[in-house]
Amino acid sequence: MPVRTRFAPSPTGYLHIGGARTALYCWLEARRRGGAFVLRIEDTDRERSTDAAVQAILDGMAWLGLDYDEGPIFQTRRMARYSEVARGLLEAGKAYWAYESKEEIDAMRAAAMARGEKPRYDGHYRELGAAYREDPNRVLRFKNPHDGSVVFDDAVKGRVEWRNEELDDLVLIRSDGYPTYNFAVVVDDIDMRIDEVIRGDDHVNNTPRQINLYHALGAAVPRFAHLPMILGADGQKLSKRHGAVSVMQYREDGFLPHALLNYLVRLGWSHGDQEIFSRAEMIAAFDIGAVNQSASRFDLAKLGWLNQHYLKTDDPAALAPELVWHLQRCGIEPAQGPAPEDVIVALRERVQTLKEMAMRARIWYAPISAWDEQAVAKHLGGAGARAALLAVHTHLAALTAWTPGQVGEAISATAAALGVGMGKIAQPLRVAITGSQVSPSIEHTVYLAGQREALRRIDVALARTG
RNA sequence: GCUCCCAUCGUCUAGCGGUCCAGGACGUCGCCCUCUCAAGGCGAAAACACGAGUUCGAUUCUCGUUGGGAGUACCA
């Protein structure tokens, strides 16, 4: 029977790096084994869930190309089902109503802590067996077993054992009538026939309680896989302050979705010495059982390297729309200049992100806005510069076909005619076209400006020569 | 505090008792190439946290220490 996995974020914020990797692993596991991948939105926290966050998660999934077979399923639309299951548990004597106020619970914990014990609910109403009554503090609690222990074989952590005496009677239904996370996940995972639960490390502690719930409900316990955390570059937990940015922020910063996916898949998992994985390759090679057990740090430099790798190897035509998007965000009108594909070819070996590329492409879409005076002094100052520019102007003006190749030949011919090295021609020309002494190869730099504009810029530069 | 988890180059990792004076990748440094900057090629520096065991033999197994992390909610 094909596996069924799910990604179950709570809509209390955007889709961040850690969530994205969890989603990726769930997706990969389902795809590799020909199973189904379900997206479920865990929105039972009415205080913190927002529609904007739901949308942000959906957008992030879409951008990354992590398609789901079912969902998004919203827990708040399944309220009747939770009540039904809760009632069943109550009738079976596996749950009970409790009426402590939050203050009383807090005091109970504080007292336990003071005794050096684990802060937990003392099961007061479990013993009391009080009848149901309307009460603002009324919650439904689960009768967790007192004895024995819960053992599970985690796909990444291995065997984990928990003594039941460490666990207390968790709340199933809150006083506001909404189910708690631990209850809703179990009900949902059973109903949705999830047999492989892949989630963050921070859920290991909940697992034994959930397993007890599975038992109480007479359901088969799924296989669990708890992923280690992704830490910030400084080794600290990812937080709003550092690194935990939305995956969509990576798009804005100029990263490609498949580069991010490739980076993420290798964070905590490896396949021999392979670093580069296409989608198909990661699907074929991924193995949840081979995931690392220790936390890893997010390294932007390596992401940058991967991103450039894809910039260099992807079809420029496929990248063009994304570059256009970035150009527009930089306030550049792409229609006014060279074809984006040509810009990509000229710049992809020089930048790591599309954002950088867009910024550096500005010189071909808009007039020179600032001259690097040092470059002007160094390359336009001498007498040779003037002669070089005059000669190259002539050669370029004579071209009937305007291609990087033709432009390159015209420049080489100029150097040959003057009996000087390429540098004597290329550098003054580079400054003339771009106003700076750094740019892509000279033939691309000139080619991208267009014949008319290139010649015009040489004329302008001529006025600046000494 | 208590419970659980983790520990190989700066970073991501390979390693599943001898083939490891520990391999790959990013980053760093050097050289080459060169019209600038890159990209590319070649090369270098760089790690088994510590201490006990087990064993003929531990990076690999066990325990402890230290150091990280997670949870300890009517948040997920």
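Heavy atoms only: backbone and side chains are in, while hydrogens, waters and symmetry mates are out. Being a predicted model, the structure only gives us computed values, none of them experimental. Residue numbering restarts at 1 for every chain, and letters A, B, ... go by the order of the sequence lines.
- Going from atom NZ of A:Lys157 over to atom C1' of B:G71 covers 12 Å, rounded to whole Å.
- Taking 4.0 angstrom as the limit, A:Gln293 places a side-chain polar atom (N or O) nearer than this to OP1 or OP2 of B:C6.
- The ring of A:Phe286 has its center closer than 6.0 angstrom to the ring center of A:Tyr25.
- Look at CG on A:Leu231: it is 13 Å from C1' on B:C12, rounded to the nearest Å.
- Among B:C74, B:G1, B:C35, the nucleotide with an atom closest to any side-chain atom of A:Val139 is B:C74.
- Among the protein residues, A:Val171 comes within range of the sugar-phosphate backbone only, with heavy atoms under 4.0 Å from sugar or phosphate atoms but none that close to a base.
- With no hydrogens or angles considered, no side-chain donor-acceptor pair links A:Arg126 and A:Tyr121 at under 3.5 Å.
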Any N/O pairs under 3.5 Å between the protein and nucleotides 39-43 of chain B? List them or say none.
{"unit_1": "B:A39", "atom_1": "O4'", "unit_2": "A:Glu349", "atom_2": "O", "d": "3.2"}
{"unit_1": "B:A39", "atom_1": "O3'", "unit_2": "A:Lys312", "atom_2": "NZ", "d": "2.7"}
{"unit_1": "B:G40", "atom_1": "OP1", "unit_2": "A:Lys312", "atom_2": "NZ", "d": "2.9"}

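- Per the geometry, CG belonging to A:Asp372 stands 13 Å off C1' belonging to B:C37, to the nearest Å.
- The P atoms of B:G1 and B:U65 are separated by 13 Å, rounded to the nearest whole Å.
- Between the side chains of A:His379 and A:Gln437, at least one donor N or O sits under 3.5 Å from an acceptor N or O.
- Between B:C4, B:A73, B:A25, one nucleotide has an atom nearer to the side chain of A:Lys302 than all others, and that is B:A25.
- Counting to the nearest Å, the P atom of B:A73 and the CZ atom of A:Arg46 are 21 Å from each other.
- A salt bridge links A:Glu161 with A:Arg159: the distance from a Lys NZ or Arg NE/NH1/NH2 to an Asp or Glu carboxylate oxygen falls below 4.0 Å.
- Nucleotides B:U19 and B:G30 are separated by 35 Å at their P atoms, to the nearest Å.
- Distance check on atom C1': B:U8 versus B:G68 gives 16 Å, rounded to whole Å.
- Between A:Glu42 and A:Arg40, at least one side-chain N (NZ, or NE/NH1/NH2) sits under 4.0 Å from a carboxylate O, which counts as a salt bridge.
- Checking B:U3, B:A76, B:U36 against the side-chain heavy atoms of A:Arg163 singles out B:U3 as nearest.
- With both ends at atom P, the span from B:C61 to B:C74 equals 39 Å, rounded to whole Å.
- For A:Glu275, counting side-chain heavy atoms from C-beta on, the closest listed nucleotide (B:C26, B:G71, B:G24) is B:G24.
- Ion pairing between a basic and an acidic side chain is recognised when a charged N comes within 4.0 Å of a carboxylate O; A:Glu166 and A:Arg163 show such pairing.
- Among the atoms of the strands shown, only primed sugar atoms or phosphate atoms (P, OP1, OP2) are found under 4.0 Å from some heavy atom of A:Met229.
- Across all strands shown, B:G53 pairs with B:C61; the Watson-Crick or G-U wobble distances both stay below 3.5 Å.
- Looking at A:Glu100 and A:Asn137, their side chains never bring a donor and an acceptor atom within 3.5 Å of each other.
- Between A:Leu303 and A:Asp45, the residue anchored nearer the 5' end of RNA chain B, judged by the nucleotide with its closest heavy atom, is A:Leu303.
- If you check B:C9 for Watson-Crick or wobble pairing at under 3.5 angstrom, you find it has no partner at all.
- Going from atom CE of A:Met422 over to atom C1' of B:C35 covers 5 Å, rounded to whole Å.
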Pairs under 3.5 Å (N/O, protein and nucleotides 13-16 of chain B):
{"unit_1": "B:U13", "atom_1": "OP1", "unit_2": "A:Gly268", "atom_2": "N", "d": "2.5"}
{"unit_1": "B:U13", "atom_1": "O3'", "unit_2": "A:Ser270", "atom_2": "OG", "d": "3.1"}
{"unit_1": "B:A14", "atom_1": "OP1", "unit_2": "A:Ser270", "atom_2": "OG", "d": "3.1"}

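- If you check every strand for non-hydrogen atoms under 4.0 Å, A:Arg141 touches sugar and phosphate atoms only.
- Within 4.0 Å (heavy atoms only), A:Ser436 reaches no atom of the nucleic acid at all.
- The phosphate of B:C74 has OP1 or OP2 within less than 4.0 Å of a side-chain N or O from A:Arg109.
- A:Glu42 comes within 4.0 angstrom of the backbone, heavy atoms only, and of no base.
- Considering every non-hydrogen atom in both A:Pro11 and A:Ile57, the closest pair reads CA-CD1, 3.9 Å.
- Using cut-offs of 30° and 60° for the angle between ring planes, the A:Phe277 and A:Trp269 rings count as tilted.
- Separation of the P atoms belonging to B:C29 and B:U34 is 23 Å when rounded to the nearest angstrom.
- Comparing the P positions of B:G40 and B:G27 gives an interatomic distance of 9 Å, to the nearest angstrom.
- Using a 30° and 60° split on the angle between ring planes, A:His444 and A:Tyr447 fall in the perpendicular class, above 60°.
- For A:Gln274 and B:G24, a side-chain-to-base donor-acceptor distance below 3.5 Å is absent, hydrogens and geometry of angles not being considered.
- The CG-C1' distance, from A:Asp202 to B:U72, rounds to 13 Å in whole Å.
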Check nucleotides 28-30 of chain B against the protein and report each pair of N or O atoms closer than 3.5 Å, with its distance, or say if there are none.
none

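- The partner of B:G71 is B:C2, judged by Watson-Crick or G-U wobble contacts that both fall below 3.5 Å.
- At a cut-off of 3.5 angstrom, the base of B:A76 holds no donor-acceptor pair with the side chain of A:Asn182.
- Rounded to an integer number of Å, the gap from CG of A:Leu260 to C1' of B:C12 is 15 Å.
- Electrostatic pairing of A:Lys157 and A:Asp201 counts as a salt bridge here, judged by a charged N lying under 4.0 Å from a carboxylate O.
- Between the CD atom of A:Glu165 and the C1' atom of B:C2 there is a distance of 12 Å, given to the nearest Å.
- Remark: B:C33 base-pairs with no nucleotide in the shown strands. Criterion, Watson-Crick or G-U wobble with two distances under 3.5 Å.
- In this structure B:A45 sits in no base pair that meets the Watson-Crick or G-U test at under 3.5 Å.
- By the 30° and 60° cut-offs, the orientation of the rings of A:His203 relative to A:Tyr181 is tilted.
- Minimum atom distance to the side chain of A:Ser10 is reached by B:A76, of the listed B:A76, B:A73, B:C35.
- Between A:Phe152 and A:His226, the ring planes are perpendicular. Angles over 60° get that label, and only those under 30° would be called parallel.
- B:C21 and B:C16 have their P atoms separated by 14 Å, given to the nearest Å.
- If you check every strand for non-hydrogen atoms under 4.0 Å, A:Pro440 touches a base.
- A ring-centre distance under 6.0 Å is found for A:Tyr99 and A:Tyr125.
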ring-ring contact (aromatic ring centres under 6.0 Å, His included), that's the test. Do A:Tyr263 and A:Phe298 meet it? Break it down for me.
CA-CA 9 Å; A:Tyr263 177 72; A:Phe298 191 84; 5.0 Å; yes
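- Judged purely by distance below 3.5 Å, without hydrogens or angles, the side chains of A:Ser439 and A:Arg430 pair a donor atom with an acceptor atom.
- Residue side chain A:Glu161 does not reach the base of B:C4 through any donor-acceptor N/O pair under 3.5 Å, judged by distance alone.
- B:G10 and B:A46 have their P atoms separated by 10 Å, given to the nearest Å.
- At the heavy-atom level, A:His226 lies nowhere under 4.0 Å from the strands shown.
- A residue-by-residue look at A:Ser175 and A:Asn205 shows that A:Asn205 has its nearest nucleotide of RNA chain B further toward the 5' end.
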